[in-house]
There are 2 protein chains.
Amino acid sequence: MVGKRTIARQSLPDVIADDLRERILNGELLEGETIRQGALAEEYDVSRMPIREALKRLDAEGLVQLTNNRGASVVKHSLSEIAEIFDLRILVEVDLYCRAIPAMTSKNFERCHKILNEMEASYDADDVAKWGELNYEYHSALYAAADRTLTNDLLRKVYLQSDRYVRMHLSVMQQREPAKEDHRMLLTFAQDQKIDEGRTVLIDHITRTKNQLLDMIATKRAV
Amino acid sequence: MVGKRTIARQSLPDVIADDLRERILNGELLEGETIRQGALAEEYDVSRMPIREALKRLDAEGLVQLTNNRGASVVKHSLSEIAEIFDLRILVEVDLYCRAIPAMTSKNFERCHKILNEMEASYDADDVAKWGELNYEYHSALYAAADRTLTNDLLRKVYLQSDRYVRMHLSVMQQREPAKEDHRMLLTFAQDQKIDEGRTVLIDHITRTKNQLLDMIATKRAV
DNA sequence: TAGTATAATATTGTATCCAATATCCACAAT
DNA sequence: ATTGTGGATATTGGATACAATATTATACTA
C-alpha cells in the first residue's frame, strides 16, 4: 500500500505464515488445536523447515503458542485476556489518534475518505475478512500522520488478535452499521482538530465491540 | 522468581538467544553490525539451525532485523524511534501502574520493598547488567497486581529496547540519585493509593531518562 | 483393577547437504 | 571517470537424514 514497493518478494515462510494466519483468523484452525509440523509440511508440499519458521513468526504475533519439545498450538485466550486485548487497542489507538490529529494534512484526510467510501461501498455480502482488512487500513490511515512506526507495528499485532475474535463471532452487519457513523465522526473531529471529542468516540467505538464480543463469547463458552 | 518453576529446561536456541541478547544489550554487538549465521554457528559450536531460530526470536523481540536473503543485523534505531520507545514505555507503564494500585496487597508492597533494597545495594557494586535486570523486576513487581499478562509481555519487549540504550550510556549517566528517589516515591504513592501523584512521578521518571539519553546519543552520533 | 514400568511410535530438534540468492571484483564500453 | 556486465565467492534458504524427546500402547506387579 501507499508507496512501499515490496522489493524482496516474499519467501516461503512468509506465504505459509500468511496462509496459516488467515486460517487461524477465519476459524478454520480452532483455538487450542495442536499443529503438527509434519502434517502441514505435507499439506503445503514443502519440508518441515519453512513450516517451523512460519510457526515461529505466528508465535511472535501471539496467534500460536510454541512449547519446547511439544510443538505448536493455536492460542486460546481467557475472557479476561480478550478484554485485555481490547484495552490495549484503546490504549494504543487513542495515543496514536491524538498524536496524529495535529499533524494531519489534506493528503491524510483524502486517503481516509477514500478508504471509508470503499468500505461503505463494498457491500460484498458478508466478506468478514475483506471488511476487517479495510477496517484496519482505515484506522491505520487515520494514525499515519503520527508517524510512529514502532507503535504501528505493535498495534498491528494487537489488532490481529482482536480481529480474530471479532471475525469468529461477529458478522459484518453487526459491526458495520454502528461503526459506520463512528468512522465518519473520527474523521470529522480530526479535521476539526477536536481531539477530546474524537478520543471519546474512539474509546466508545472500541469499547462497544469489546463488550458485544465478550457477551457473545461468554455465553458461547458457558455451554 | 516467584513460583514459576521452569519445568521445560531451555533448548539450544533459548540459551543462544539469551546469550546473544545479552551481547546486544551490553553493546558487544554494535548497532548496525551484520550477523553471520556461519560465524555464530562456529562460535557456539552448533549447526546453523539453532542459530537461525535464535535470531528469529531476537527478530521478534526487535533486537535484530532479518532481511530475506541477506541475513541479520543488529537493529539501529533513529533518534525519533528511541524517543518513541520511551513514549511507549510511558504509555504502557502508566496504564499498568494505575490499574495495579487499587489492587495491590501487602504482599505486593513487601516484594517491591525487597527488590528496592537489593537494587540500592547493587548501585554500589556498579553491576550495570544486574541493575538493569533488577530495575525491570522492580517495575514489574510494581505492576504485578494489575494482573495483565499480555500487557506485561508487551512491556518486556519495549523495556528490552530501552534497556539497551540505557545500558549503553548508564556508566556515564548521573541519573542514579533521582531514580532512587523516584522508585521510593512510586511505592509510597501506591501504598497511599495516590494514583495521580504516582502517575506524575512515573511519567517524569521515564521522561527524565529519555531526555538525558537522547541528548547523549545525539551528541555521540553527531560526531 | 489400579498403577507403574517399559517398549513402540510419533513428533520435534539438530546436523549435514544441496540449491537459490546476494555480494564482490575484474573488466569492458561509452 | 562512470556505468554496466559477467563470473567467482560468500551467505542464506530449503530438503533430507538422523538424534533427542514426548506420547501412546502394552505388559507386568501389587
Side-chain angles (χ1 to χ4, degrees), chain A residues 4-24 28-76, chain B residues 4-24 28-76:
Chain A
K4 210 188 292 177
R5 329 231 166 282
T6 159
I7 282 297
R9 80 179 159 304
Q10 40 186 340
S11 66
L12 253 184
D14 280 325
V15 306
I16 294 174
D18 285 348
D19 195 66
L20 282 177
R21 186 184 305 112
E22 178 55 30
R23 287 170 72 178
I24 293 175
E28 185 188 328
L29 297 170
L30 316 108
E31 47 191 8
E33 189 170 332
T34 70
I35 299 176
R36 219 57 67 180
Q37 298 178 1
L40 287 181
E42 208 171 328
E43 217 178 310
Y44 288 103
D45 195 35
V46 295
S47 87
R48 271 169 41 223
M49 220 56 56
I51 303 284
R52 289 170 64 97
E53 303 236 346
L55 288 177
K56 255 201 171 310
R57 201 158 313 184
L58 295 177
D59 174 64
E61 287 177 8
L63 291 175
V64 156
Q65 188 167 35
L66 244 41
T67 322
N68 251 348
N69 280 299
R70 319 199 332 176
S73 62
V74 181
V75 166
K76 172 169 185 168
Chain B
K4 210 189 289 174
R5 326 235 167 281
T6 160
I7 282 295
R9 81 180 159 305
Q10 41 186 355
S11 65
L12 254 182
D14 280 324
V15 305
I16 295 175
D18 285 348
D19 194 68
L20 283 177
R21 186 184 306 113
E22 178 56 30
R23 287 170 72 177
I24 293 174
E28 185 188 329
L29 297 172
L30 316 108
E31 49 190 7
E33 189 169 333
T34 69
I35 300 176
R36 218 60 62 186
Q37 297 179 1
L40 287 182
E42 208 170 330
E43 215 177 312
Y44 289 104
D45 196 35
V46 294
S47 87
R48 270 170 41 223
M49 218 58 55
I51 302 284
R52 280 163 65 169
E53 304 238 342
L55 288 177
K56 254 202 169 310
R57 201 158 314 184
L58 295 177
D59 173 65
E61 288 177 7
L63 290 175
V64 310
Q65 187 166 35
L66 244 42
T67 322
N68 253 347
N69 281 301
R70 318 197 332 176
S73 62
V74 181
V75 166
K76 171 169 186 169

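So that the names make sense, note that chain A is the first sequence line, chain B the second, and so on, each numbered from 1. What's counted below: heavy atoms across the whole structure, side chains too, no hydrogens, waters or symmetry copies.
Residue-level contact check: I35(B) touches the backbone only, with heavy atoms under 4.0 Å from sugar-phosphate atoms and none from bases.
Residue V46(B) places its side chain closer to dA15(C) than to any other of dT12(C), dA15(C), dG14(D). Among the nucleotides dA22(C), dA22(D), dA15(C), the one closest to any side-chain atom of N69(A) is dA22(D). For Q37(B), counting side-chain heavy atoms from C-beta on, the closest listed nucleotide (dT12(D), dT12(C), dA15(D)) is dT12(D). Of all nucleotides listed (dA15(C), dG13(D), dG13(C)), dG13(D) comes nearest to the side chain of R48(B). You'll find that the side chain of R36(A) is closest to dT11(C), out of dA15(C), dG13(D), dT11(C).
No option in I51(A), V15(A), L12(A) other than I51(A) meets the side chain to side chain contact (heavy atoms under 4.5 Å, CB included) test with Y44(A).
Here dA15(C) presents its P atom at 14 Å from CG of L40(B), a figure rounded to the nearest Å. If you take CD1 of I51(B) and P of dA15(C), they are 9 Å apart, rounded to a whole angstrom. Counting to the nearest Å, the P atom of dT21(C) and the CG atom of N68(B) are 11 Å from each other. Rounding to whole angstrom units, CZ of residue R52(B) and C1' of dT14(C) are separated by 12 Å. Regarding K56(A), its NZ atom lies at a distance of 14 Å from the P atom of dT12(C), rounded to whole Å. Remark: P of dA19(D) and CG of L12(B) are 16 Å apart, rounded to the nearest angstrom. Atom CE of M49(A) is separated from atom C1' of dC18(C) by 13 Å (rounded to the nearest Å). A straight line from CD of E53(B) to P of dA15(C) spans 11 Å, rounded to a whole angstrom.
One finds the CG atom of D19(B) at 8.0 Å from the CD atom of E28(B) (value rounded to the nearest 0.5 Å). Residue R57(A) holds its CZ atom at 8.0 Å from CG of L66(B), rounded to the nearest 0.5 Å.
When every heavy atom of I16(B) is checked against every heavy atom of P50(B), the shortest pair comes out as CD1-CB, 4.1 Å.
One finds a salt bridge joining D18(B) and R21(B) here, because a Lys/Arg side-chain nitrogen approaches an Asp/Glu carboxylate oxygen to under 4.0 Å.
Mapping S47(B) and R70(A) onto DNA chain C by nearest heavy atom places R70(A) at the nucleotide closer to the 5' end.
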